Every structure is written in C-alpha cells, then in structure tokens.
Amino acid sequence: MKVILTVKADELKLAQMLSKFGEKYTRTTYKLNRQPKGYLLEVDLDSEDLGEFMRRLNHLKDVTYNIEEIRGGGLLDKINVSLLRTNSDALVGKEAFATKDIDPVDGGVVKLCGELWLAKPVDDCSIIKEGSKVRVVRVEGVSLIVDDGECDKECPC
C-alpha cells in the first residue's frame with residue numbers, strides 16, 4: 001500500500017520516527033521530500049501496518065499532516081475516495097469574530113458558525129481586540145487557536 005502525505009513536523013523527530021518504524025516493520029520504505037511548507041512523505045507499507053504508522057505519526061509533537069493519496073491495489077485503486085474534513089478539523093481555515101478581547105494568558109471568545117468558542121491567539125505576544133475578524137489556525141483541546149493577520153512590529157515573533 002502506498003500512502004502520500006504532506007507533513008509539517010520537526011525534521012529530526014520525523015526522521016527518527018521513520019527510522020524506528022522502518023527497523024520494526026522491515027517491509028516499509030519511505031521517501032521524504034522537503035517542500036516550502038513542510039515535507040511530502042511517500043510511504044510503502046503493508047496495509048495492516050497503516051494504523052500503527054499513523055499512531056506513531058500522531059505522537060510527534062506539533063505534527064500536522066494531510067493524506068493526499070492512498071493507493072493499495074485491488075478495490076482501493078478502483079474507487080475514488082475523497083477525504084472529507086470533519087469535526088474540529090473542519091474548523092481550521094474558517095473565519096470568526098472576536099466577541100471579547102483575546103489575550104495569550106486568559107484567552108477569549110470568538111463566534112464561529114453561530115457558536116461561541118474559547119480562543120487563544122496564535123502568538124504569545126499579541127492581543128486580538130473585540131470585534132476583530134480572525135482565522136482559525138488549529139484546534140487545541142476545546143480552544144481555537146486564531147490569527148487576526150496582524151503582527152505587532154515590536155513583537156519578536
């Protein structure tokens with residue numbers, strides 16, 4: 001089975017994970033290509049090892065990935081499966097409005113799709129003002145990590 005993913009992760013940790021996985025699952029091969037925003041990872045492995053591979057990938061700190069393609073021969077090659085983002089993954093990239101000031105320490109609240117969500121700014125040194133339009137960068141637990149697109153010039157981030 002061949003799986004193609006785009007991955008954003010620490011290069012050393014990703015390489016270590018791939019190396020250790022390859023030691024235990026010897027029929028697995030991979031090709032890692034650097035891209036402007038992360039890596040393109042092509043993995044050939046037995047279909048029964050896919051779950052373990054994904055579990056180990058999820059254990060990397062701050063990893064984000066997107067499965068671009070799965071080719072497995074037989075029936076999998078005959079069906080066109082489009083992967084749909086669901087649940088909290090579907091919120092990433094959406095726009096919301098700050099209903100209260102959002103600061104790095106206490107967070108704040110945004111309104112997204114008619115619902116109120118706890119939110120924190122993407123960087124640790126900016127305060128997003130009430131009424132600002134924000135974009136969801138990621139979801140951590142029950143909080144949305146948001147960005148208003150404006151970086152304070154004095155901020156070291």
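Treat the numbers as computed from the prediction; the structure is a model and nothing was measured.
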Rounded to the nearest 0.5 Å, how far does [atom2] of [Y] lie from [atom1] of [X]?
X: Leu112; Y: Leu144; atom1: CG; atom2: CG; result: 6.5 Å
X: Ile67; Y: Glu69; atom1: CD1; atom2: CD; result: 11.5 Å
X: Phe97; Y: Lys133; atom1: CZ; atom2: NZ; result: 5.5 Å
X: Asp46; Y: Arg27; atom1: CG; atom2: CZ; result: 4.0 Å
X: Thr6; Y: Asn33; atom1: OG1; atom2: CG; result: 12.5 Å
X: Glu140; Y: Asp62; atom1: CD; atom2: CG; result: 8.0 Å

Are any non-hydrogen side-chain atoms of [X] and [Y] less than 4.5 angstrom apart?
X: Thr64; Y: Val7; result: no
X: Ile70; Y: Met1; result: yes
X: Leu18; Y: Thr28; result: no
X: Lys100; Y: Ile102; result: no
X: Leu45; Y: Lys2; result: no
X: Tyr39; Y: Lys8; result: no
X: Leu60; Y: Met17; result: yes
X: Val92; Y: Val137; result: no

Please name the residue in the list Asp147, Val122, Val146 that meets the side-chain contact (heavy atoms from CB on, under 4.5 Å) test with Arg138.
Val122
State which residue, out of Asp148, Val105, Asp103, fulfils the side-chain contact (heavy atoms from CB on, under 4.5 Å) condition with Ile127.
Asp103
Under 4.0 Å between a side-chain nitrogen and a carboxylate oxygen: does that hold for Arg56 and Glu52?
yes
Could you check whether Glu11 pairs with Arg34 (Lys NZ or Arg NE/NH1/NH2 to Asp/Glu carboxylate O, under 4.0 Å)?
yes
Hey, quick one: are [X] and [Y] part of the same hydrophobic cluster, counting side-chain heavy atoms closer than 4.5 Å, chains of contacts allowed?
X: Val134; Y: Val109; value: no
X: Leu14; Y: Val63; value: yes
X: Tyr65; Y: Leu32; value: yes

Testing the basics here: between [X] and [Y], what is the closest heavy-atom pair and its distance to 0.1 Å?
X: Gly107; Y: Lys120; value: CA-CG, 4.3 Å
X: Ala98; Y: Lys129; value: CB-O, 3.7 Å
X: Ile128; Y: Pro121; value: CD1-CB, 4.0 Å
X: Pro104; Y: Asp123; value: CG-O, 4.2 Å
X: Asp101; Y: Glu130; value: OD1-N, 2.7 Å

Mind running side-chain contact (heavy atoms from CB on, under 4.5 Å) on Met54 and Leu5 for me, showing each step along the way?
CA-CA 11 Å; Met54 298 310 289; Leu5 309 102; 4.0 Å; yes
Hey, which of Tyr30, Tyr25, Phe21 is the one that makes ring-ring contact (aromatic ring centres under 6.0 Å, His included) with Phe53?
Phe21
Run Trp117 and Val142 through side-chain contact (heavy atoms from CB on, under 4.5 Å) and show every step you take.
CA-CA 8 Å; Trp117 287 82; Val142 295; 5.8 Å; no
